[in-house]
**Q** 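Got a structure for you, written out below as structure tokens; questions coming shortly.
A note on names: the letters A, B, ... follow the listed sequences, proteins ahead of strands, and every chain is numbered from 1.
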Amino acid sequence: MNRLCRSPRVLRFLFCSLAALQIAALLVAFERPARAYVDPGSGFVFLQVAGSMFAGALYYMRHRLKRIFHAMRGSAEISSPAGTQTEVAENQP
Amino acid sequence: MSQGTSQNIATFRDPAGSLHIHGDQVLRTVHPLHAAECLRFLQSDLARRWTEQGRLVASHVLSAEADQPLLLEHPRVFFPSYPWEWTPGQWVAAGELTLELCGQLLHEGWILKDATPLNILFDGSRPIFVDVLSIERRDPRSPLWLAYGQFARTFLLPLAAYKHLGWPLAATLNRRDGYEPVDLYPYLSTLDRWGAPLRSLITLPYLFEKRKGGGGTPPRLNQEPQIAAAVLERNFRGFARALHALEPKGRDSRWSEYQTVADHYTDQERQHKQEFVDRAMQLLRPESVLDIGGNTGQYSRIAASVGARVVAWDTDVSSSDRNWRQAQVAGLPILPLVADVARPTPAVGWWNNESLTLLERARDRFDCVMMLGILHHLLLADQIPIADVAMLLASLTRRSSIVEWVPKSDVRYIDLCRGRDELYQHLDEDLFVEEFTRHFRIVLREQLSNGRVLFLFEKK
């Protein structure tokens, strides 16, 4: 199971699903009207929305990826005998 | 302004408040609904810091009572100017200030709700943000800056039109809300349309608007607050990159090298003229000087060196831009404007009342007005009667004036006369002195070896 989770295919699928979910969630949030007293310009707003969604998805993915890698590195270090030995060695007086 | 008419109100479009100008008093009324938010911003560290740095106009609270309009007083900026009188460098500096302010507001939970060059004035060579009502609380979950459309229309597209199509920035006089992508798109080459930054500034918005048929309710977008702030910050960096990509390269004009290549002046004569202006300035010690036909600012800088704040008008964009850049680098209180004394900037807008004419702003504002090497242009090229020039000068200055008389034998006079000698045969120094001494007394008169004559006049 652990090996399956680390497979590149599964990871790619997971990331793509997360990105799709994020975009879908952002699309759902399109409903309320804006309260700008200046004309936001539909073309400019469209580009800003598209750019912001893309950038938001990237930031979100990066954040998620960092967490996954931290979690994986953490579990790898704990399960590694060498890591355990080092920790033990360092903790000895 | 939500009630009454716009008469006698300097700004009235913002529903949050209005601005009234009475002489040197600038009063702002803030609607009770927005009063608390406005006060909160004015009391913030950011507002205090920006005011101290001279980048945000100072605000003095006159009255702040519950459920009543908030009354603020601002100091009057010495010489109000409009974007259609700015040089390309001034446009970019004003855009930079807008984005920088927006970037700093973001971290404190605020944002600009509008972004037009009309929110900026120049205090000497430095831009200053004057519309405190443009600042509002930000929705922390929104990564959109809704004023970006206005920023693009009023800052980026005029600069793009100037840089890529050669449309003068002065043409924005008739475009309160700037240009739309559709205004520029048909005139751009395919290469320009798909190159950065015009691709995302003109082509894609144009194609989207064409397909969608315009308008509709603008969308809202919600993200986690940290992500929304990071996205906004990234967007501001992108807008700043676009602004700098549109900064026109310094262009030379036939006037921008005038001071160094003018062949009707020897170095000695030029030095003699500078010494005369310097001596006059030492004698007058003016607090304010108007330099009409200021070119690249050689004489404006002499006036600034005695502590005067200087406004320099010139019709040449390149020369004025060079003047502004030098003043900005040296931190001099010189405001160069692209303005023509023979065709002064008119009042525009609703009721012809949203901006002041050039002459209204200048009348009686200056201790000294300089007209060096410009009088023969007014008389011969613009065909203004000499008596009118003298009268105009007397209306602009409170105390004195420095004028250069160019004789008929001068090579530049002959160039401008273009064979119409008969028409101007009455113009000579005697007539000049006769007309000017109706309003002024002669304090100094010095003739240069090239025949030109420098006068220092004192107003009667």
**Q** Please tabulate, for the side chains in residues 232-245 of chain B, all donor-acceptor contacts under 3.5 angstrom to protein atoms that are two or more places apart in sequence or on a different chain.
**A**
| unit_1 | atom_1 | unit_2 | atom_2 | d |
| --- | --- | --- | --- | --- |
| B:N235 | ND2 | A:S52 | OG | 3.3 |
| B:H244 | ND1 | B:A240 | O | 3.0 |
| B:H244 | NE2 | B:E96 | OE2 | 2.5 |

**Q** Flag the pair B:F208 / A:L47 as yes when at least one side-chain heavy-atom distance between them is below 4.5 Å, and no otherwise.
**A** no
**Q** Verify, without hydrogens or angle tests, whether A:Q48 (side chain) and B:L144 (backbone) share a donor-acceptor contact under 3.5 angstrom.
**A** no
**Q** Which atoms form the tightest heavy-atom contact between B:Q223 and A:M53, and what is the distance?
**A** NE2-CA, 4.2 Å
**Q** For B:E209 and A:S42, which heavy atoms make the closest approach, and how far apart are they?
**A** CG-OG, 3.3 Å
**Q** Rounded to the nearest 0.5 Å, what separates atom CD in B:E224 from atom OH in A:Y59?
**A** 15.0 Å
**Q** Rounded at 0.5 Å granularity, tell me how far CZ in A:F46 sits from CZ in B:R211.
**A** 7.0 Å
**Q** Decide yes or no for B:R153 and A:F44: does some side-chain heavy atom of the first lie under 4.5 Å from some side-chain heavy atom of the second?
**A** yes
